There are 2 protein chains.
Amino acid sequence: MFAVKRKGKFMKRTKEEAEKTRDDLLKSAIQVFSEKGVARATLDEIAKGAGVTRGAVYWHFDNKAQIFDALHESMHRPFVDGIFEGLEKEHPNPIEQLRELWVKLFLDLQEDEIRRQALTLFLRKCNYSGDLAPYKEQHRKKQEESMQLFEDYLNKMEKAGKLSTEANPKLLTEGMFCFMKGILFEYLDEPEKYNIQKKAPELVGFFFNCLGQR
Amino acid sequence: MFAVKRKGKFMKRTKEEAEKTRDDLLKSAIQVFSEKGVARATLDEIAKGAGVTRGAVYWHFDNKAQIFDALHESMHRPFVDGIFEGLEKEHPNPIEQLRELWVKLFLDLQEDEIRRQALTLFLRKCNYSGDLAPYKEQHRKKQEESMQLFEDYLNKMEKAGKLSTEANPKLLTEGMFCFMKGILFEYLDEPEKYNIQKKAPELVGFFFNCLGQR
DNA sequence: TACAACATACATTCATGTATGTTTGCTGTC
DNA sequence: GACAGCAAACATACATGAATGTATGTTGTA
């Protein structure tokens, strides 16, 4: 996978090479975690996926749980930023803007396997019990923060008079999260069999089309 | 938990007692599975929760995966039946009927810990990899069947003229499933902290008030 | 008394964590 | 600029524990 390092059996790496090893380990971990689930994933398999041994794993990380957390650390922020980047542009209709945003997000997943696997991992393949428990609250808090950003956005739009008067930003945010998470959950169950290209516009449209009327 | 059998160390059971042991094992499994996740659950803990040893487990079941499947077998049908029982009564407005149904379903979960744990287990605590893989398609098929029942129901209502002309039964069914699953997913993450009493009516109402018309 | 319904004991596997070995990049020194 | 020598960045080897599956023992019931 990321196996080829240089040539010999083992050579000391430069700092950049070491950083690459760490990245490869994280990428491999995403792959293995999303396939077998965090609990059933082994450090040996993660190491092999990165073309190294468990020695490298224990050099860069403390244990599996910390790899898991490091993954969340490295994936969450870019993901959230990517979303709100789309919301910063001016748009006459926030509901329409949200609709476009979510459809694009789902469709983009088709060609972003890493992100797809990461979402699978955090949504379906970890249960935050045992050694992952310490990170549960932490990760949940991050998610609530990004949810708050949506609510802030809708509040801003409401004050700007761009939102229907009967719309409720908090309720809309919560409902939207439930709905989108539901779609994601189904899609990620079997991405190959799920026709996201067709269903994302349908379902997201279904959600926002009538909200726009209100 | 279900520890007290009779008195001595071990006595051969009658058939009814053996059946009870099996039931106790399943109940204990729900508990353990929903807490630690299927992967991290051990047969020893399940046995202890039922007041027996692993000997009893291997007498009644082949392995952990089969317990998992037996649980699905015993929980799915009653759950689905319970839902559609509510839909068989006559009601002037199907959308309103669905709204009441879902709200009731969520609220009832508050006092039905077993069902709550079972849903947690199948929705959040199993990933159908490894030894559970053989059951994935099987369980998924059952879910699709019950989804089809909803669609059938809406189709019937449409033909009876009880549904808005612009409503799309298939899309409404899919959207509804995503939305409700999203709520369930959030609720089951931390049932104690989630104010389902308040949010279930809010969110379900939000969904059907406007989306239901289409 | 044979067998159902378990308990107990044992062998095996598998993943983890750690201890130790190995190679080279890098740093200071002369 | 050559040359130690330390330590970074791993690989390898080993010890440990935990869970599984199975084999065997036990008891009361039908």
Side-chain angles (χ1 to χ4, degrees), chain A residues 1-26 28-29 32-33 35-70 129-132 134, chain B residues 2-26 28-29 32-33 35-70 129-132:
Chain A
M1 191 182 182
F2 314 100
V4 182
K5 288 291 174 185
R6 252 184 275 164
K7 41 193 167 179
K9 297 183 72 177
F10 167 81
M11 316 207 171
K12 182 182 186 307
R13 317 299 160 76
T14 65
K15 273 179 187 165
E16 305 92 62
E17 283 175 316
E19 264 310 295
K20 185 184 186 310
T21 298
R22 201 188 116 102
D23 284 359
D24 289 350
L25 281 171
L26 287 178
S28 175
V32 178
F33 282 167
E35 262 187 34
K36 327 251 286 195
V38 178
R40 302 188 61 88
T42 76
L43 298 182
D44 190 59
E45 203 178 345
I46 293 175
K48 275 180 181 156
V52 290
T53 69
R54 272 170 53 247
V57 173
Y58 279 102
W59 172 257
H60 286 285
F61 307 95
D62 290 345
N63 48 42
K64 194 162 72 173
Q66 203 215 321
I67 299 181
F68 174 73
D69 186 48
S129 81
D131 45 358
L132 300 189
Chain B
F2 313 101
V4 181
K5 288 294 174 182
R6 251 184 278 164
K7 43 191 167 181
K9 297 182 69 175
F10 167 81
M11 315 209 170
K12 182 184 187 300
R13 318 297 159 75
T14 65
K15 270 180 186 165
E16 305 92 62
E17 284 174 317
E19 262 312 295
K20 185 183 185 310
T21 298
R22 201 188 118 101
D23 283 0
D24 288 350
L25 282 171
L26 286 177
S28 174
V32 178
F33 282 168
E35 261 186 36
K36 328 252 284 193
V38 178
R40 300 189 62 87
T42 77
L43 298 182
D44 191 59
E45 203 178 347
I46 292 175
K48 275 179 181 156
V52 291
T53 69
R54 272 171 52 246
V57 173
Y58 278 102
W59 173 258
H60 286 283
F61 307 95
D62 290 344
N63 47 42
K64 194 161 71 173
Q66 204 216 319
I67 299 181
F68 175 72
D69 186 47
S129 81
D131 45 359
L132 300 189

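Just so we're on the same page: letters track the sequence lines, and every chain starts at 1. What you see is a predicted model; the values in this text were computed from it and never measured.
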If you find the nucleotide of DNA chain D closest to A:His60 and the one closest to B:Gly55, which residue's nucleotide is nearer the 5' end?
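Nearest nucleotide further toward 5': that of A:His60.
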
Return the value, rounded to whole Å, for the distance between atom [atom1] of [X] and atom [atom2] of [N].
X	N	atom1	atom2	answer
B:Glu16	D:dG28	CD	P	17 Å
A:Asp24	D:dA9	CG	P	15 Å
A:Arg22	D:dA8	CZ	P	17 Å
A:Trp59	C:dT22	CH2	P	18 Å
A:Lys48	D:dC10	NZ	P	18 Å
A:Phe61	C:dT18	CZ	C1'	18 Å
B:Gln66	D:dG21	CD	P	11 Å
B:Glu17	C:dC6	CD	P	8 Å

Does A:Ala41 offer a backbone N or O that forms a donor-acceptor pair with the side chain of A:Lys64 under 3.5 Å?
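Looks like yes, one N/O pair under 3.5 Å.
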
Side chain of A:Ala18 - closest among D:dA11, D:dA9, C:dT8
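Closest nucleotide to the A:Ala18 side chain: D:dA9.
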
Closest approach to the side chain of A:Val52, judged atom by atom: which nucleotide of C:dA4, D:dA11, D:dA8 is it?
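Among C:dA4, D:dA11, D:dA8, the one nearest the side chain of A:Val52 is D:dA11.
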
Filtered N/O pairs between nucleotides 15-20 of chain D and protein, under 3.5 Å:
{"from": "D:dT20", "atom 1": "OP2", "to": "B:Leu43", "atom 2": "N", "distance (Å)": "3.1"}

Ring pair (Phe, Tyr, Trp, His ring centres under 6.0 Å) contacts in which one or both residues fall within residues 36-64 of chain B, not counting sequence neighbours:
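Listed once each, the pairs would be none.
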
How many angstroms lie between atom OG1 of B:Thr21 and atom CG of B:Leu26, to the nearest 0.5 angstrom?
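Between B:Thr21 OG1 and B:Leu26 CG, I get 11.0 Å after rounding to 0.5 Å.
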
Once side chain to side chain contact (heavy atoms under 4.5 Å, CB included) is applied, do any residues pair with A:Ala29, and if so which ones, sequence neighbours excluded?
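By the side chain to side chain contact (heavy atoms under 4.5 Å, CB included) rule, A:Ala29 matches A:Phe33, A:Ile46, A:Ile67, A:Leu71.
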
Going by side chain to side chain contact (heavy atoms under 4.5 Å, CB included), name the residues that satisfy it together with A:Asn63, two or more places apart in sequence or in a different chain.
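Testing A:Asn63 for side chain to side chain contact (heavy atoms under 4.5 Å, CB included), a comparison that skips the adjacent residues, returns A:Ala65, A:Gln66.
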
Can you run down the salt bridge (charged side-chain N to carboxylate O under 4.0 Å, His left out) pairs that involve residues 36-47 of chain B, sequence neighbours left out, and say none if there aren't any?
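Every salt bridge (charged side-chain N to carboxylate O under 4.0 Å, His left out) pair that includes a residue of residues 36-47 of chain B, provided the two are not neighbours, is A:Asp131-B:Arg40, B:Lys36-B:Glu45, B:Asp44-B:Lys48.
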
What pairs with A:Thr53 under side-chain hydrogen bond (donor to acceptor under 3.5 Å, both in side chains), at least two apart in sequence or on another chain?
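In terms of side-chain hydrogen bond (donor to acceptor under 3.5 Å, both in side chains), with neighbours along the sequence ignored, A:Thr53 is linked to no residue.
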
